[in-house]
Novice: 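Input: one structure, supplied below.
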Amino acid sequence: IAPMVILGLHDVLAFGFKIIPSNIVLYVYGLPFLLFIIAIYLVNIFIRALRQSKELNVQLQQLLSDAKKLAFLEKELEIARSIQNQLLPSAIPDIKGVEIAVKFQPALRIGGDIYNVFKLKDGAVIFIADVVGHGIPAAMIASMVNILFKMFQMLSVDPGLLLRSLNVNICNMIPQTFVTAACLYVNKYEQYLRIARAGHPSIIVQNSNGNIQEYMPHGKALGLKADNTFETLTLSIVSGYKIIIYTDGITEAVNGSNEMFGIERLKAIINDTKDYDAQTTCEKIYDDVMNFIGDATNLEDDITMVVIRIL
């Protein structure tokens with residue numbers, strides 16, 4: 001429009017007012033000139049759009065490539081999860097005179113926590129371990145630790161000796177690995193409990209009167225030094241006793257105010273569930289932790305817990 005106005009003004013000044021000396025009528029060229037400018041403008045828009053479409057196509061191809069990689073990783077993750085689940089007990093064995101409940105909740109779909117329970121003719125052995133870290137690397141190490149435990153499980157009547165054997169092999173096979181663990185041997189018939197730990201949270205024992213005691217037999221985390229030793233404690237047990245072993249994902253669970261769940265809250269729940277069976281106690285602890293943090297999706301660490309009740 002501007003070119004047409006300027007050219008039209010020229011013609012008015014030249015032929016209407018005779019102010020500008022000119023014999024050429026320019027107004028007729030205004031429309032073609034305007035169309036030419038519009039054409040150039042549209043071509044520039046087209047060129048920019050073409051360039052942007054090429055850039056968008058490159059980004060789309062990258063996104064498609066990333067999506068394929070993500071789908072592949074998802075498949076690999078599912079395979080890893082399946083392998084880990086196959087190494088965990090498919091069911092808790094039925095052990096006369098001993099009630100056992102387990103809660104296993106990885107922070108991700110696979111995690112660095114493991115547990116195992118197996119039956120002996122005179123009782124049961126319970127093992128729990130926590131590999132530092134999360135995701136596939138921690139899950140792979142945890143699975144290897146679980147395999148080692150199964151290789152040496154017959155040593156577990158002396159939990160300290162079992163942990164020592166595991167430690168030597170972890171130091172040799174998986175150097176620079178940090179694994180906390182706890183192992184319990186429950187002899188129902190002779191009414192005693194043997195416990196050992198390797199840098200793991202305290203083992204909680206509640207007697208038949210409801211009194212709660214934390215036990216921390218000496219033992220550093222697995223994988224630090226091959227010659228480390230692990231203390232075995234022997235405790236008398238009778239009907240009504242409860243034993244709770246757990247990973248630090250419970251006590252170190254954090255709420256929206258950055259406050260930890262802590263050992264005192266855990267012991268308070270155990271005290272409140274004194275007369276409950278093992279499964280109900282386990283569920284109550286887990287539910288309270290979930291209520292504390294808001295939702296399982298807020299978990300920053302894996303949670304594993306085993307509750308044993310002597311009948």
Side-chain angles (χ1 to χ4, degrees), residues 79-95 98 100 102-104 106 110-188 192-201 203 217-234 243 245-247 302 304-306 308:
I79 292 172
R81 181 173 180 268
S82 176
I83 293 172
Q84 185 181 45
N85 287 342
Q86 289 175 12
L87 291 173
L88 296 174
S90 57
I92 302 302
D94 184 20
I95 300 168
V98 181
I100 300 175
V102 176
K103 184 62 183 179
F104 175 69
I110 57 174
D113 283 8
I114 54 167
Y115 71 92
N116 219 313
V117 179
F118 73 92
K119 182 179 181 180
L120 297 176
K121 64 178 181 179
D122 52 4
V125 171
I126 301 96
F127 176 75
I128 189 171
D130 179 5
V131 177
V132 171
H134 309 288
I136 292 178
M140 291 177 64
I141 296 173
S143 297
M144 292 181 69
V145 172
N146 205 6
I147 291 170
L148 287 173
F149 168 75
K150 291 181 178 181
M151 289 174 57
F152 295 104
Q153 66 183 19
M154 295 314 296
L155 298 175
S156 53
V157 292
D158 183 346
L161 180 60
L162 170 71
L163 293 180
R164 185 172 183 177
S165 299
L166 290 179
N167 181 61
V168 170
N169 283 273
I170 289 171
C171 287
N172 291 333
M173 296 173 60
I174 329 171
Q176 298 181 335
T177 297
F178 188 88
V179 184
T180 72
C183 185
L184 280 63
Y185 166 54
V186 181
N187 189 311
K188 167 62 179 173
Y192 67 82
L193 169 71
R194 287 178 181 161
I195 60 175
R197 55 180 283 281
H200 205 72
I203 297 164
H218 174 75
K220 295 181 180 180
L222 305 176
L224 297 180
K225 288 180 61 180
D227 59 353
N228 280 345
T229 58
F230 303 87
E231 178 187 10
T232 296
L233 289 182
T234 302
I243 305 101
I245 54 175
Y246 56 93
T247 56
D302 308 325
T304 306
M305 168 177 43
V306 183
I308 306 107

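As the structure is a computational prediction, the values presented were derived from the model and not from experiment. Reckoned from all heavy atoms, side chains included, excluding hydrogens, waters and symmetry mates. Along the sequence shown, residues carry numbers from 1.
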Novice: State whether the side chain of Arg197 and the backbone N or O of Pro217 hold a donor-acceptor pair below 3.5 Å, judged by distance alone.
Specialist: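 Flag set: sc Arg197 to bb Pro217 pair under 3.5 Å.
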Novice: Are any side-chain N or O atoms of Ser156 and backbone N or O atoms of Phe152, one a donor and one an acceptor, separated by less than 3.5 Å?
Specialist: no
Novice: Show your working on side chain to side chain contact (heavy atoms under 4.5 Å, CB included) between Leu161 and Thr232 and close with a plain yes or no.
Specialist: CA-CA 8 Å; Leu161 180 60; Thr232 296; over 6 Å; no
Novice: Check whether any side-chain heavy atom of Ile243 sits under 4.5 Å from a side-chain heavy atom of Ile203, and report yes or no.
Specialist: yes
Novice: Please give me the minimum heavy-atom distance between Gly112 and Ala142, naming the atom from each residue.
Specialist: O-CB, 3.7 Å
Novice: With the side chain counted from C-beta on, respond yes when Phe230 and Cys183 share a heavy-atom pair under 4.5 Å apart, and no when they do not.
Specialist: no
Novice: Lys188 vs Ile95, test: side chain to side chain contact (heavy atoms under 4.5 Å, CB included). Steps then yes/no.
Specialist: CA-CA 9 Å; Lys188 167 62 179 173; Ile95 300 168; over 6 Å; no
Novice: So which atom in Ala196 and which in Gly160 form the shortest heavy-atom distance, rounded to 0.1 Å?
Specialist: CB-N, 3.5 Å
Novice: Ignoring hydrogens, what is the shortest heavy-atom contact between Ala226 and Val168? Give both atom names and the distance.
Specialist: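 Shortest heavy-atom separation between Ala226 and Val168 comes out as O-CG2, 3.4 Å.
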Novice: Could you grab the distance from atom CG of Leu184 to atom CD1 of Ile245, nearest 0.5 Å is fine?
Specialist: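 Here the interatomic distance stands at 5.0 Å.
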Novice: Specify the closest pair of heavy atoms between Leu163 and Ala198, including all atoms of both residues, with the distance to one decimal.
Specialist: CD1-N, 4.0 Å
Novice: Would you compute the distance between atom CZ of Phe127 and atom CD of Gln153 and round it to the nearest 0.5 angstrom?
Specialist: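 It comes to 11.0 Å.
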Novice: Side chain of Asn167, backbone of Asp227: donor and acceptor closer than 3.5 Å?
Specialist: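 Looks like no, no N/O pair under 3.5 Å.
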Novice: Give me the atom names and distance for the closest heavy-atom approach of His218 to Thr229.
Specialist: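 Where His218 meets Thr229 most closely, the heavy atoms are CD2-O, 4.2 Å.
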Novice: State, to 0.1 Å, how close Pro89 and Asn116 come at their nearest heavy-atom pair, and which atoms those are.
Specialist: CG-OD1, 3.6 Å
Novice: For residues Ile114 and Ser143, determine if any side-chain heavy atom of one lies less than 4.5 Å from a side-chain heavy atom of the other.
Specialist: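 No - every pair of side-chain heavy atoms lies 4.5 Å or more apart.
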Novice: For the residue pair Tyr115 and Phe104, does the interplanar ring angle fall in the parallel (under 30°), tilted (30 to 60°) or perpendicular (over 60°) class?
Specialist: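 Answer is tilted, since the angle falls between 30° and 60°.
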Novice: Can a side-chain donor-acceptor contact be found between Asp122 and Tyr185 if the only test is distance below 3.5 angstrom?
Specialist: yes
Novice: How many angstroms lie between CZ in Arg164 and CG in Asn228, if you round to the nearest 0.5 Å?
Specialist: 9.5 Å
Novice: Atom CG of Leu148 and atom CG of Leu166: how far apart are they, to the nearest 0.5 Å?
Specialist: 6.0 Å
Novice: For the atom pair CG (Leu222) and CD1 (Ile170), what is the distance rounded to the nearest 0.5 Å?
Specialist: 4.5 Å
Novice: Determine whether Asp113 and Pro106 make a side-chain contact, defined as any pair of heavy atoms from C-beta on separated by less than 4.5 Å.
Specialist: no
Novice: What's the separation between atom CG in Asn187 and atom NZ in Lys121, rounded to the nearest 0.5 Å?
Specialist: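 Separation between the atoms: 10.5 Å.
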Novice: Does atom CG of Asp94 have more than 12 heavy-atom neighbours from other groups under 6.0 Å away?
Specialist: no
Novice: Do Ile126 and Val186 come within less than 4.5 Å of each other through their side chains, counting heavy atoms only?
Specialist: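 Ile126 reaches Val186 side chain to side chain.
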Novice: Go through the steps to decide whether Asp130 and Thr304 satisfy the test side chain to side chain contact (heavy atoms under 4.5 Å, CB included), and finish with yes or no.
Specialist: CA-CA 9 Å; Asp130 179 5; Thr304 306; over 6 Å; no
Novice: Any side-chain heavy atom of Ile128 within less than 4.5 Å of one from His200?
Specialist: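 Counting from C-beta outward, Ile128 and His200 do come under 4.5 Å.
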Novice: May I ask you to test the Thr247-Pro201 pair for a side-chain heavy-atom distance under 4.5 Å?
Specialist: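 Answer no - side chains too far apart.
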Novice: Less than 4.5 Å apart, any side-chain heavy atom of Met154 and any of Leu162?
Specialist: no
